[in-house]
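A short worksheet on the structure shown next.
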Amino acid sequence: MRFSDVALDACTFPSILKACGLLKDLDYGTEMHGLAVKCGFVSNVFVVNSLVSMYSKCDDFHGARVLFDRMTEKEDVVSWNSMISAYSSNGKSLEALSLFREMQMEGVFMNSYTVVGVLQACQDPYFLRLGMEIHGALLKSGWEIEVYGTNALLVMYSRCGNIGDALRMFRGMNEKDNVSWNSMLSGFVQNELFAEAISFFCEVLDMGHHIDEVSVISIISALGRLGNLFNGMEVHACAIKHAFDSDLQVGNTIIDMYAKCGSVNYMAQVFDKMPEKDMISWTTVIAGNAQNGCYSEALELFRGALKEGMKVDAMMIGSALLACSSLRCASHVRQIHCYILRQGLLDLVLENTIVDSYGECTEIDYASRMFEKIENKDVVSWTSMISCYVHKGFANEALELFYRMGEAGIEPDMIAMVSVISACASLSALKKGKEIHAFLTRKGFSLEGSVVSSLVDMYAHCGCVNNSYRLFNLVQNKDLILWTSMINASGMHGDGKEAINFFHKMLDAGLKPDHITFLALLHACSHSGLIEEGRRYLGLMRSEYKLEPWPEHYVCLVDLLARAKCLTEAYNFVNNMTIEPTAAVWCALLGACRVHSDNELGEIVANKLLKLDPDNPGNYVLASNVFASKGRWKDVDDVRMRMRTRGLKKNPACSWIEVGNKVHAFMVRDKSHPQSEEIYSKLTKITERLEWEGYVAETKFVLHNVQEEEKKKMLYGHSERLAITFGLIETPAGQPIQITKNLRVCGDCHVFTKLVSKFFERKIIVRDSNRFHHFEGGVCSCGDFW
DNA sequence: GTAGGGTTAG
């Protein structure tokens, strides 16, 4: 109907504007506004109140406020009320409260609507005091607070975390309606008191109270978050019985519950049968699939949503991106990225998620380009990029970015700190690590949780296991992760007995070990050659703790058996594993074959390994190692050929040492260091001295078929020797030299380092890709097995 | 003109 065709009076407007508000139809509402102006009704207080209300329901606060401010006579409390509740029901508490104050100054008396609106603005611990003052004033004034008001008080207390006060409110209410019961129920759920929520829900049922869609939504959300599938299905059945299941929001919550309980099938069934679906239904089912490892299904559904012409928002895209990054599929990420740009949907959350997704797909360049483009980088943006660098092994870049973040004036939080600490750990950058430890103390971070575990880990990786221990002792409430870090720290440094000690102390403290704890323990056993203990703990893990070993646990045991020269037993063990051996398991066995020069078995294992994981250059190096050590150059060439045809390159060896405030890195035969000349001349002198003492280069560790002299030259240019030499030049006598290497130490360098530690009277600590070696007086803590 | 509910993230 065209209103302009009919004679209108002012009474028509409030109801039509109310409809606009309910439908959130701002366009039509604005048209009506224009019409009201044309008809000269805007001086009518009822019409203006309705207009204010319409604008606020359509989330146009500015429009509402402009109208409100233009009102010449604001004696009508209704005008104030609609503006206040417009603000408070949309989370604009400050605006609502300042308007309330203004209203009091104008001398307008409030009514029960005002009370509800203002209490709604106090649903935040920050405004609780004010809410309580209002509560007190109400009690003192002897006003009879009706059920709307008491409900609003109840919700205020529960949203502020004062569930006890909320419950007292609830129990003291003379009159309760469905909203009261539901508010109490959702109060428990929002405060994560799930057990209380369940027994409260039972109380509702026992008392014979009506439940409605809202009650079901709250309790199902609680059961989902508990992962309580059994009761979840019960309530689902109950919802069907009451015919609530056709409700859109009930359906959405049920989908989420099944997703959180890991029941992907039920989730899909409910989703398929929904009579209508909205954006949230699609987002929930996409996220549900992604969280349960069904990444392709998640992406398929995302495509489905687009095909159906469903509106897409940042949250839905965020879930789809999560699926892409789990699939490590950069081209999917790029597709979605382009889609976002085309649709103009890019916001900060999505920008951060995209950085993260590219990072997960090892597209560091894309991640970094995206990161640099973000205009208002927040702490999440910086941390995403930092941890992306850390995960992909670019620890230096991570640290650099951390300093840039400080310059940009962004305060790091716990998650950022954990990333940065682990960057120091992977660099063995003790000085930087200590600096960051001091920074944490200065900034008043409490040393607990993941921060302290990562510090313990960092000190261990930097060779300062004593600091790890000291820090560990300072922590009052030691959690499983902290104990595991400490077990790992002892193990890395070859102190298996100590690791076992920690393990038993942990059990005494009443903690239950998990897969990772056992991994640390078995690593410790393997680094210290504790064969019997290793066997025993693997058994204990299965029998006592019902933990099925991962391939990584088998790797440790293979390492152990191989160390004891029990190569055949290790081989049989691998063949009898309950799960399919992974490349890492064969890799461990092959390493053992090399150490014990068992070529027959080595050849079998090498073939299995190269078949299983043909894209890892390290495997080819290891295989050619086995052949080279027996001078089987034809086989070596063959392996190298296979590697080349696949376009693989050996990971270049690199060693580094922290001197002053800098990390100095050396590649094989590196001549790029400014002090290069000095380093090489010193290295020659060292080698001559050692040769004089009887050192003979073991050229079998050179994997190339070249002349003996050439082989020697190659060995002498190994990166760890350059780093050690630099350490001898730059650090005072008596001070331990600590270096880190990205690959395992070669056999000849191991001998070389032992001799340097003896004849140059220096403790040398080498961290290789696997463990720590402490060299002192010509002996290494690894017992020549690594 | 008033109160209670669902999805995402380093």
Side-chain angles (χ1 to χ4, degrees), chain A residues 14 17-18 21 46 49-50 52-54 56-57 76-86 88-89 111-120 123 146-156 158-159 177-187 189-190 212-221 224 247-257 259 278-288 290-291 313-322 348-357 359-360 378-388 390-391 412-416 418-419:
Chain A
L17 287 170
K18 183 177 177 178
F46 293 108
N49 283 345
S50 309
V52 169
S53 181
M54 180 276 296
S56 74
K57 286 236 161 58
D76 186 13
V77 67
V78 178
S79 325
W80 291 92
N81 286 346
S82 26
M83 201 59 229
I84 290 175
S85 72
S88 62
S89 61
N111 65 10
S112 64
Y113 289 84
T114 327
V115 173
V116 171
V118 173
L119 286 177
Q120 216 188 345
Q123 291 175 358
E146 333 152 332
V147 69
Y148 275 101
T150 45
N151 283 344
L153 280 167
L154 193 168
V155 173
M156 176 195 75
S158 96
R159 291 254 174 103
D177 62 5
N178 246 21
V179 175
S180 327
W181 287 91
N182 285 338
S183 305
M184 198 59 236
L185 180 64
S186 82
V189 179
Q190 281 163 355
D212 62 10
E213 284 87 345
V214 178
S215 341
V216 166
I217 286 169
S218 293
I219 194 67
I220 287 189
S221 139
D247 181 274
L248 181 62
Q249 300 186 132
V250 171
N252 289 347
T253 319
I254 292 175
I255 293 178
D256 183 51
M257 181 270 291
D278 69 353
M279 194 162 63
I280 292 178
S281 327
W282 286 94
T283 306
T284 314
V285 79
I286 291 169
Q291 282 155 1
D313 72 345
M315 272 187 209
M316 195 191 287
I317 297 179
S319 299
L321 277 173
L322 184 74
L348 184 58
V349 176
L350 276 182
E351 287 178 313
N352 292 342
T353 316
I354 294 170
V355 169
D356 197 48
S357 302
E360 283 294 320
D378 66 354
V379 63
V380 179
S381 325
W382 289 93
T383 316
S384 295
M385 198 59 226
I386 290 173
S387 57
C388 170
V390 175
H391 282 142
D413 63 7
M414 300 266 269
I415 303 172
V418 170
S419 281

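We name chains A, B, ... by the order of the sequence lines, and we start the count at 1 in each one.
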Provide, to the nearest angstrom, the distance between the CG atom belonging to A:Asp378 and the C1' atom belonging to B:dA9.
10 Å

Side-chain N,O (A:Gln123) to OP1/OP2 (B:dA3) below 4.0 Å
no

Nearest-nucleotide pick for A:Leu322, side chain only, options being B:dT7, B:dA9, B:dG1:
B:dA9

Minimum-distance nucleotide to A:Val214 side chain [options: B:dG5, B:dA3, B:dT2]:
B:dG5

Nearest-nucleotide pick for A:Glu213, side chain only, options being B:dG5, B:dT2, B:dT7:
B:dG5

Students often get this wrong, so: under 4.0 angstrom with heavy atoms, is A:Asn252 touching a base, only sugar-phosphate, or nothing?
base

Options B:dG6, B:dG10, B:dG5, nucleotide nearest the side-chain atoms of A:Ile280:
B:dG6

Starting at CG of A:Asn151 and ending at P of B:dG5, how long is that distance when rounded to a whole Å?
12 Å

Would you classify A:Gln291 as touching base, sugar-phosphate or nothing, given that sugar-phosphate means primed atoms plus P, OP1 and OP2, and contacts are heavy atoms under 4.0 Å?
sugar-phosphate

May I have the distance from A:Ile217 (atom CD1) to B:dG5 (atom C1'), rounded to whole angstrom?
5 Å

Quick one: is B:dG5 close enough that its OP1 or OP2 comes under 4.0 Å of any side-chain N or O from A:Gln190?
yes

Of all the choices, B:dG6, B:dG1, B:dT8, which nucleotide is nearest to the side chain of A:Thr253 once you look at every atom?
B:dG6

Once you round it to whole Å, what is the distance between C1' of B:dG6 and CG of A:Asp212?
14 Å

Under 4.0 Å, heavy atoms only, any strand: does A:Val379 hit a base, just the sugar-phosphate, or nothing?
base

Atom CE of A:Met257 and atom P of B:dT7 are separated, to the nearest Å, by 13 Å

Contact class for A:Thr353 vs. all strands (heavy atom < 4.0 Å): base, sugar-phosphate, or nothing?
nothing

Base, sugar-phosphate alone, or nothing: which one does A:Val155 contact when heavy atoms must sit under 4.0 Å apart?
sugar-phosphate

Using a heavy-atom cut-off of under 4.0 Å over every strand shown, decide if A:Ser387 touches base, sugar-phosphate, or nothing.
sugar-phosphate

Whole angstrom value for the distance that separates P of B:dT8 from CD1 of A:Ile317:
16 Å

Under 4.0 angstrom between A:Arg159 side-chain N/O and B:dG5 OP1 or OP2:
yes

How is A:Ser183 classified with respect to the nucleic acid when contacts are heavy atoms under 4.0 Å: base, sugar-phosphate, or nothing?
sugar-phosphate

Do the side-chain N and O atoms of A:Ser180 and A:Asn151 include a donor-acceptor pair separated by under 3.5 angstrom?
yes

Classify the nucleic acid contact of A:Ser85 as base, sugar-phosphate or nothing, counting any heavy atom under 4.0 Å across all strands shown.
nothing

Looking only at non-hydrogen atoms, find the nearest pair between A:Ile255 and A:Ser281 and report the distance.
CD1-O, 4.4 Å

Presence of donor-acceptor pair under 3.5 Å, side chain of A:Thr383 and base of B:dG10:
yes

Closest to the A:Val116 side chain, choosing from B:dG10, B:dT2, B:dT7
B:dT2

Suppose we screen for ring-ring contact (aromatic ring centres under 6.0 Å, His included). Which residues come up paired with A:Trp80, at least two apart in sequence or across chains?
A:Phe68

Within the 3.5 Å criterion, strictly below it, is a donor on A:Asn49 or A:Ser82 matched to an acceptor on the partner's side chain?
no

Please state how far atom CE in A:Met385 lies from atom C1' in B:dA9, giving the value in whole angstrom units.
17 Å

A:Asp378 vs A:Ser381, test: side chain to side chain donor-acceptor pair (under 3.5 Å). Steps then yes/no.
CA-CA 5 Å; A:Asp378 66 354; A:Ser381 325; 2.7 Å; yes

Please determine, by modelled atom types, if A:Asn111 and A:Thr114 share a side-chain donor-acceptor pair under 3.5 angstrom.
yes

Select base, sugar-phosphate, or nothing to describe what A:Asp76 touches, counting heavy atoms under 4.0 Å on all strands.
nothing

Which of these nucleotides, B:dG5, B:dG1, B:dT7, is closest to any side-chain atom of A:Asn111?
B:dG1

Indicate whether OP1 or OP2 belonging to B:dT2 is found under 4.0 Å from a side-chain N or O atom of A:Gln120.
no

In whole Å, I'd like the distance from the CE atom of A:Met414 to the C1' atom of B:dG10.
14 Å

Would you say A:Thr253 and A:Asp256 are linked by a side-chain donor-acceptor pair, where the criterion is simply a distance under 3.5 Å?
no

Touch class at under 4.0 angstrom, heavy-atom based, for A:Asp313 against every strand present
nothing

To the side chain of A:Val349, which of B:dA9, B:dT8, B:dT2 is closest?
B:dA9

